[in-house]
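Note sheet for the following structure.
Sequence lines set the chain letters: A, B, ... in the order given, protein chains first and strands last, and positions in each chain run from 1. All heavy atoms count here, side chains included; hydrogens, waters and symmetry mates do not.
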Amino acid sequence: MFRTHHCNSLRKTDIGQQVTLAGWVHVSRDHGGVIFIDLRDREGLTQVVFRPEENAELAKQAHGLRSEDVIQVTGKVAARVPGTENPKLDTGDIEVVPTELKILNRADDLPFPLDTEISNEDLRLTYRYFDLRRPRLTRNLQIRHRVAKATRDYLDRQGFLEIETPILSKSTPEGARDFLVPSRLTPGKFYALPQAPQQYKQLLMVAGVEKYFQIAKCFRDEDLRADRQPEFTQIDIEASFVEPNDIYALTEGMLAAVFKAARDIEIKTPFERMTYRDAIGRYGSDKPDRRFGIELVDLGDVFEGTLLKVFQNALTTGGVAKAINAKGFAGLTVGQSDELAEIAKNFGAKGLAFIKVENGEWKSPIVKFFSDAEKKALKSKLKIEEGDLVLFAADKWEIACEVLGRIRLRVAEIQKLTEGSEQLDFLWVTDFPLLQFSAEENKWNAVHHPFTRPKEEDISLLEAKKFGQIRAEAYDVVLNGVEIGGGSMRIHEPDLQEKMFEALGVSAEDQQSMFGHLLKAFKLGAPPHGGIALGLDRLVMLICGEESIRDVMAFPKNNRGMDLMSQSPAEVDSKQLRELRIKTIPLE
RNA sequence: GGAGUCUUAGCUCAAUUGGUUAGAGCGCCGCCCUGUCACGGCGGAGGUUGCGGGUUCGAGCCCCGUAGACUCCGCCA
């Protein structure tokens, strides 16, 4: 037997036993005479003690041990000398006194220490297999496993089938940029890696599967972020003969099972629901972080007859005047003030009006335009007190809301309003718009995806081509201001799907060449269906309390999509390119 | 494509207003040390201050350019 126990299993009750352990030298404390080795495996630490007076040959060998050498020791479990027990270790009452030491593999000089936090992420990613030995990352991988297992167990209990769908798939024009894979057998043609198994799962519904799920790898060739990688994992779910409420309940039950399994936390279900319009109006975001207040307050009634031109203009042209009260933030620095103004500008505001309340005085360049009645109304609506900072936006509804929403988040960040919070605020955001106009492309795009069903009562708006007013039967699940999943009821009627494609500007020919299989399937008895997809990486990130999904993936890519460990992407042999009939063109 | 922050020893960081030979801790090497648990003590090696240019009597520090990393915007149905 290679080992009889792992490094977190021996206790007082094992004293006297003959055991064999294997693992890494975590740290060695060499006193010249007696030598202590903390032996580590993925479960924990066990102290091994070498005494020269008992076994000089072994002690001499142990003297040469260095951090991260891999060893195997056989010996007796002994009680520690009274007074030297270590309460910080689960195995702190005992130590192993070896009679045999086998050095299985020597470790070179370490590229970086494992016992301190290190900020050089390049280096960590280059030696990823080494960095993963860090207990925190080991724990993250274990939690990720438990989340995936709890997901499978729960969905299995609910009667869902896990079905794999192709990775070599077909490129479609909608959505993110595709990763392409050249086809050797049909030169000049390409597969695309799936952005999501969307069409396949809908076709599985047509196939009569009724309840499908998959822990699916998805691929999107877009720029990276702390919470975005080119390949990532979704918990992908689809079911037939369901309504949104069924999906909400299923998802809530699944998340409850996941949090129970991964963190032993009971989460409160059902989750609250909020329409998209409310979310934007109150928080300036479609994924509001409600762990802190600072809600957007509408001031249309207050400033109905205002003398302040910018507010007046906004209100008389169909826009809004809104404000947030950043409690106790009147003392912000000039730099912070400039930063907030910069955010406002970036998101389309012309400026950022404010009131600082200091020493009982409203310090503000705009306050002189306010009547006493306006001041009074402001004070009561925004609950203005000493030390507050009130920030205004007057613009089109979308712009005013987004500007204040972004500022709200930044203020909360600066004030550290969520630091150390253990709160788990789940929320459904519902009634998303179906379509959004892209000025850049001069066309309407799907907010969710082209297969999303309009709300029943808004289908007539689609026929009337009032695209901006149509609400979708679509929903996102949000946790602490992070979108962890989203889904919708789908279109299952070929004529409605065609109308949708039409609205998106997909020609009849393109509909047939790109989505013909789907439209045909919808003519062969397609059941009403809908589903949801949750970002597994983001979910695990939040459960682990990490700030980047890189810390919950075994082998993530850096900001530029490179794997620094394996040095990919990399050039390939010209023979490979010839077989694919591909030529690369050097950059100008 | 854009903005911000950062880049000094293997790692984490320091270096007053631009001023002597760029320092410390950890790690590494050598010696010492028999109850530590981040063991301890003494000694040593280790630097193109990311790179290129400029200003200056003098640049790690100021200026310009460039590369890289990270965060954000755009993008992500």
Fill in: Presence of A/T116 side-chain N/O under 4.0 Å of B/A38 phosphate oxygens OP1/OP2
no
Worksheet item: In this structure, are over 12 heavy atoms from other groups packed under 6.0 Å from A/K287 atom NZ?
Response: no
Discussion item. My understanding is that a pair needs two contacts under 3.5 Å, Watson-Crick or G-U wobble. By that rule, which nucleotide pairs with B/G65?
Written reply: B/C51
Item to complete: Scan residues 80-93 of chain A for pairs that pass side-chain hydrogen bond (donor to acceptor under 3.5 Å, both in side chains), counting only residues two or more places apart or in two chains.
Response: A/N8-A/D90
Worksheet entry | Within 6.0 Å of NZ in A/K455, more than 12 heavy atoms from elsewhere | yes
Fill in: A/Y129 and A/Y127 aromatic ring geometry - parallel, tilted or perpendicular at 30°/60° bounds
perpendicular
Worksheet item: If you take atom types as modelled and just measure distance, does the side chain of A/R80 reach the base of B/U36 with a donor-acceptor pair under 3.5 Å?
Response: yes
Discussion item. What contact category does A/Q198 fall into here, base, sugar-phosphate, or nothing, at under 4.0 angstrom with non-hydrogen atoms?
Written reply: base
Discussion item. Restricting to ring pair (Phe, Tyr, Trp, His ring centres under 6.0 Å), what partner residues turn up for A/W24, sequence neighbours left out?
Written reply: none
Worksheet entry | Closest to side chain of A/H31, choosing from B/C37, B/C39, B/A38 | B/C39
Grab the N/O contacts between the protein and nucleotides 68-72 of chain B below 3.5 Å, and write none if there aren't any.
residue, atom, partner, partner atom, Å
B/G68, OP1, A/R560, NH1, 3.3
B/G68, OP1, A/R560, NH2, 3.4
B/A69, OP1, A/N558, ND2, 3.4
B/A69, OP1, A/R560, NE, 3.4
B/A69, OP2, A/R560, NE, 3.3
B/C70, OP1, A/N559, N, 3.0
B/C70, OP2, A/N559, N, 3.4
B/C70, OP2, A/N559, ND2, 3.4
B/C70, O3', A/R550, NH2, 3.1
B/U71, OP1, A/R550, NH1, 3.4
B/U71, OP1, A/R550, NH2, 2.6
B/U71, OP2, A/N559, OD1, 3.2
B/C72, OP2, A/A226, N, 3.3

Worksheet item: Between atom CD in A/E174 and atom C1' in B/C76, what is the gap in whole Å?
Response: 14 Å
Worksheet item: Rounding to a whole Å, what distance do you find between A/Q47:CD and B/A38:C1'?
Response: 14 Å
Fill in: Any donor-acceptor pair under 3.5 Å from A/R51 side chain to A/V97 backbone
no
Worksheet item: Want to settle it: does A/T84 or A/R228 sit nearer the 5' end of RNA chain B, counting the closest nucleotide to each?
Response: A/T84
Worksheet item: Do A/R40 and A/E68 sit within salt-bridge range, that is, some charged N less than 4.0 Å from a carboxylate O?
Response: yes
Worksheet item: What's the closest nucleotide to the A/I118 side chain, out of B/U36, B/C11, B/C75?
Response: B/C11
Worksheet item: Looking across every strand, which nucleic acid part, if any, lies under 4.0 Å from A/E95 by heavy atom: base, sugar-phosphate, or nothing?
Response: base
Discussion item. Are more than 12 heavy atoms, taken from residues, nucleotides or ligands other than A/R133, located less than 6.0 Å from that residue's CZ atom?
Written reply: yes
Discussion item. So A/P111, base contact, sugar-phosphate only, or nothing? Heavy-atom distance under 4.0 Å.
Written reply: sugar-phosphate
Item to complete: Would you mind telling me which residue lines up with the more 5' stretch of RNA chain B, A/L89 or A/F112, judged by nearest nucleotide?
Response: A/F112
Polar atoms only, N or O, under 3.5 Å: list the protein pairs with nucleotides 27-31 of chain B and their distances.
residue, atom, partner, partner atom, Å
B/C28, O3', A/R66, NH1, 3.0
B/C29, OP1, A/R66, NH1, 2.4

Discussion item. Output the rounded distance in Å from CZ (A/F232) to C1' (B/C75).
Written reply: 14 Å
Worksheet item: What is the pairing partner of B/U16, taking Watson-Crick or G-U wobble pairs with both distances under 3.5 Å in any strand?
Response: none
Worksheet item: So which nucleotide does B/U56 pair with, by the Watson-Crick or G-U wobble rule with both distances under 3.5 Å?
Response: none
Discussion item. Using Watson-Crick or G-U wobble geometry with both distances under 3.5 Å, which nucleotide pairs with B/A45?
Written reply: none
Discussion item. Under 4.0 Å, counting only non-hydrogen atoms across every strand here, what does A/L123 touch: a base, just sugar-phosphate, or nothing?
Written reply: sugar-phosphate
Discussion item. Tell me whether A/Y191 at atom OH has more than 12 heavy atoms from other residues, nucleotides or ligands lying less than 6.0 Å away.
Written reply: no
Discussion item. Taking any heavy-atom pair under 4.0 Å as a contact, classify A/T172: base, sugar-phosphate, or nothing.
Written reply: nothing
Discussion item. What contact category does A/N445 fall into here, base, sugar-phosphate, or nothing, at under 4.0 angstrom with non-hydrogen atoms?
Written reply: nothing
Worksheet item: Are there more than 12 heavy atoms of other residues, nucleotides or ligands under 6.0 Å from atom NZ of A/K396?
Response: no
Worksheet item: Testing A/L435, A/V506, A/D495, A/I470 for side chain to side chain contact (heavy atoms under 4.5 Å, CB included) with A/M500, which one passes?
Response: A/L435
Worksheet item: Heavy atoms under 4.0 Å, any strand shown: does A/E53 hit a base, just sugar-phosphate, or nothing?
Response: base
Worksheet item: Does A/K345 make a side-chain N or O approach to OP1 or OP2 of B/C73 shorter than 4.0 Å?
Response: no
Item to complete: Can you sort out the partners of A/Y276 under ring pair (Phe, Tyr, Trp, His ring centres under 6.0 Å), two or more places apart, ordered by chain and number?
Response: A/F432
Worksheet item: Counting only non-hydrogen atoms, which of residues 35-44 of chain A are less than 4.0 Å from RNA chain B?
Response: A/F36, A/D38
Worksheet item: More than 12 heavy atoms of other residues, nucleotides or ligands under 6.0 Å from NE2 of A/H63: is that the case?
Response: no
Discussion item. Whether A/R29 contacts B/C39 is assessed here as follows: a side-chain N or O lying under 4.0 Å from the phosphate OP1 or OP2. Is that the case?
Written reply: yes
Practice prompt. Scan every strand shown for a Watson-Crick or G-U wobble partner of B/G25, both distances under 3.5 Å, and answer none if you come up empty.
Written response: B/C11
Discussion item. With hydrogens left out and only the distance checked, is there a donor-acceptor pair under 3.5 Å joining A/E117's side chain and the base of B/U12?
Written reply: no
